[in-house]
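Have a look at the structure below before the remarks.
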Amino acid sequence: MRQRKAQGHRDMASDPLTPAPPPPGDRGLPVVGEAFALLADPFAFVRERAARHGPVVRSRLMSRDLVVLSGPQTADAFLDEANVRRSGAMPPHVAALFGTGVVNQLDGVAHRARKQHVMRALDGAALAHYLPQIRALLRARMARWHAAGEVALQDETVLATLELVLANFAGLSESDAVCARYAKGFADVAGALFGFPVALPGTALRRAQAFTRELRGRLAAVVAERRRHPTGDGASRLVASEVEGARLTDEDIAKELFHLAAAGGGIWAWCCRGVKALADDPALRDRLTRAVNALEPEASGRALGEVALLDAFVREVKRTGWVFPFTAFGVAARTFTVAGHTVPKGWLVTWSTHASHVVDGVAPYASPGSFDPDRFLPGRGDGGEGRAPHAFAPQGPGSALGTHRCAGVEYSTLVLQVFFTELLRGAHFTLPPQDFRLDGSTLPARYRGSMRVRFE
Ligand code: HEM
């Protein structure tokens, strides 16, 4: 496997006598290709294929050929827009679920301008404004957990993270009943991404379409209100944003806000991953508790970021958690070679954030299957793993403003830092016996036992 990785760097197409071979992998069944395997468990889909075939694997979804790239050695080819374009890559019903024309479907200058706008809701000033609200909401919710004694943390963190993103980005203060309904709507959106493309009655797609109309309408009303009376929320920041003299329309902003809420709502799965890791390793929990207890109660974002073990722990949670298995799909704009394989023009292309961090021989980590935050501590071995370009990219490779890398990297880090700080400063918790296996058929993957947690 290591040998295959080393070979991956060689661009065989540069030698005219040795054309690069097509990627290994399967075309699957006639008509459907490997669509059912992808639908059944997209996390296992990419893991198993990367383990079997390496960092470049072919597949087929219905009539479309697909290549799944993994590992740092394939990231530059994926990020090169001459190779991979986003516009037109998603089927129309999927693009419409995200919001037709939002940032994840644009290329080149149009993408850079839109991304600059979007990042105004997620830059340092915005995060500093959101921090007190994040802390207050999480404290109030955790106090309710402590009072309850035992909670299904999975359901609770779904509500908690939705409450946060709706409050931070749209200034909404929603009840748990409304958040639960929205969570169901977002689950339908996720379920419809790879499902049957026709919105027949009773399908996830039909429900997802109704939900997107409803929530986008709600968000459009927020945007109109923020034009009249701006606050510090994300909507107000997007209303005020100007890039080279251009501003976003109300409709653009409502769509981008919907996208932020959909993506941000997935943070719950990392919260649960971290809780399980802390319960599994009491020594780690003690060290991290001591580290966060040394912080001021209202510590700034910078102070939180300076706790080396907290930073390492959040990185390890992001590396190993099962939120989304790969980036948005692009399409090969030309035939190109990557890690010694030819990808023909017209194929769908994605980069697997999941396989890139956990599959032995593809992920640039020692024992990638074990949970070991210390691997990220400065001074360990070569100065810490995951430091090479694209080695740590659980939210996509590249830079926020220059590529399609996730807009919410710093926001999600901040939420996780506050979540674990407040959790460890609060009541002691244990996990009663339950089924800890993950069900990879949903996005994010869900714990079958719903992650029950007892507080003392
Ligand atoms: C919950 C954990 C999250 C994970 C695992 C995650 C992962 C990703 C991935 C893999 C991409 C695609 C990168 C690509 O296509 O190359 C992405 C894009 C994006 N994410 Fe996240 N994300 C998360 C949270 C968030 C949050 C909290 C926000 C904002 C509130 C956010 C906003 C976005 C946006 C706007 C894009 C599109 C960026 C673009 O196309 O330029 N995500 N994310």
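First listed ligand is number 1; within each ligand, the first listed atom is number 1.
Ligand 1 is never approached by Val165 to a heavy-atom distance shorter than 4.0 Å. Taking a 4.0 Å cut-off on heavy atoms, Phe169 registers as neighbouring ligand 1.
A donor-acceptor pair under 3.5 Å links the side-chain atoms of Ser352 to the main chain of Pro325, judged by distance alone. For the pair Arg60 (side chain) and Met62 (backbone), a donor-acceptor distance under 3.5 Å is present. Under the 3.5 Å distance criterion, the side-chain polar atoms of Arg375 are left unmatched by any main-chain donor or acceptor of Ala312. Formation of a donor-acceptor pair under 3.5 Å by the Ser367 side chain with backbone atoms of Gly369 is not found in this model.
In this structure, the ring of Phe376 has its center no less than 6.0 angstrom from the ring center of Phe313. Taking the ring centroids of Phe186 and Phe258, they lie under the 6.0 Å cut-off.
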**Prompt:** Could you go step by step and tell me if Asp65 and Leu348 meet the side chain to side chain contact (heavy atoms under 4.5 Å, CB included) rule?
**Reply:** CA-CA 6 Å; Asp65 288 299; Leu348 294 174; over 6 Å; no
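For atom 10 (C) of ligand 1, the nearest non-hydrogen atom from the set Val409, Thr353, Leu414 comes from Thr353. The option from Met119, Glu256, His259, His354 that lies nearest to atom 36 (C) of ligand 1, judged by heavy atoms, is His259.
Two residues are said to be in side-chain contact when any heavy atoms from C-beta on lie closer than 4.5 Å; Asp155 and Arg446 meet this criterion.
Atoms of ligand 1 found under 4.0 Å from any heavy atom of Asn104 (numbered from 1 in listed order, with element): 40 (O). Atoms of ligand 1 lying under 4.0 Å from any heavy atom of Ile267, numbered from 1 in the order shown and given with element: 1 (C), 27 (C). Against a heavy-atom cut-off of under 4.0 Å, Gly408 is close to the following atoms of ligand 1: 26 (C), 28 (C), 29 (C), 31 (C), 32 (C). Within the listing of ligand 1, atoms 1 (C) sit less than 4.0 angstrom from a heavy atom of Gly266. Interface atoms of ligand 1 facing Tyr411, defined by a heavy-atom separation under 4.0 Å, are 27 (C).
Protein heavy atom in closest approach to atom 2 (C) of ligand 1: Trp270 CZ3, 3.2 Å. Nearest protein neighbour of atom 41 (O) of ligand 1, counting heavy atoms only, is His111 NE2, 2.7 Å. Among protein heavy atoms, the minimum distance from atom 15 (O) of ligand 1 is reached at Arg86 NH1, 2.8 Å. Here the protein heavy atom with the shortest distance to atom 40 (O) of ligand 1 is His404 ND1, 2.6 Å. The protein atom (non-hydrogen) at minimum distance from atom 24 (C) of ligand 1 is Ala263 O, 3.7 Å. Scanning the protein heavy atoms around atom 18 (C) of ligand 1, the nearest turns out to be Cys406 CA, 3.5 Å. Here the protein heavy atom with the shortest distance to atom 23 (C) of ligand 1 is Gln395 NE2, 3.5 Å. In terms of protein heavy atoms, atom 27 (C) of ligand 1 is closest to Gly264 CA, 3.3 Å.
When Arg247, Arg216, Arg114 are each tested for a salt bridge (Lys or Arg N to Asp or Glu O under 4.0 Å) with Asp252, only one passes: Arg114.
Between Phe329 and Phe194, the ring planes are tilted. Angles from 30° to 60° get that label.
In terms of polar-atom proximity, defined here as any N/O pair under 3.5 Å, Lys115 does make such a contact with ligand 1.
Contact annotation: for Val323 versus ligand 1, heavy atoms closer than 4.0 Å belong to the side chain alone.
Of the N and O atoms on the side chains of Ser70 and Ser356, not one donor lies less than 3.5 Å from an acceptor on the other residue.
Cation-pi geometry between Arg49 and Phe45 is met: the NZ or CZ atom falls under 6.0 Å from the ring centre, inside 45° of the normal.
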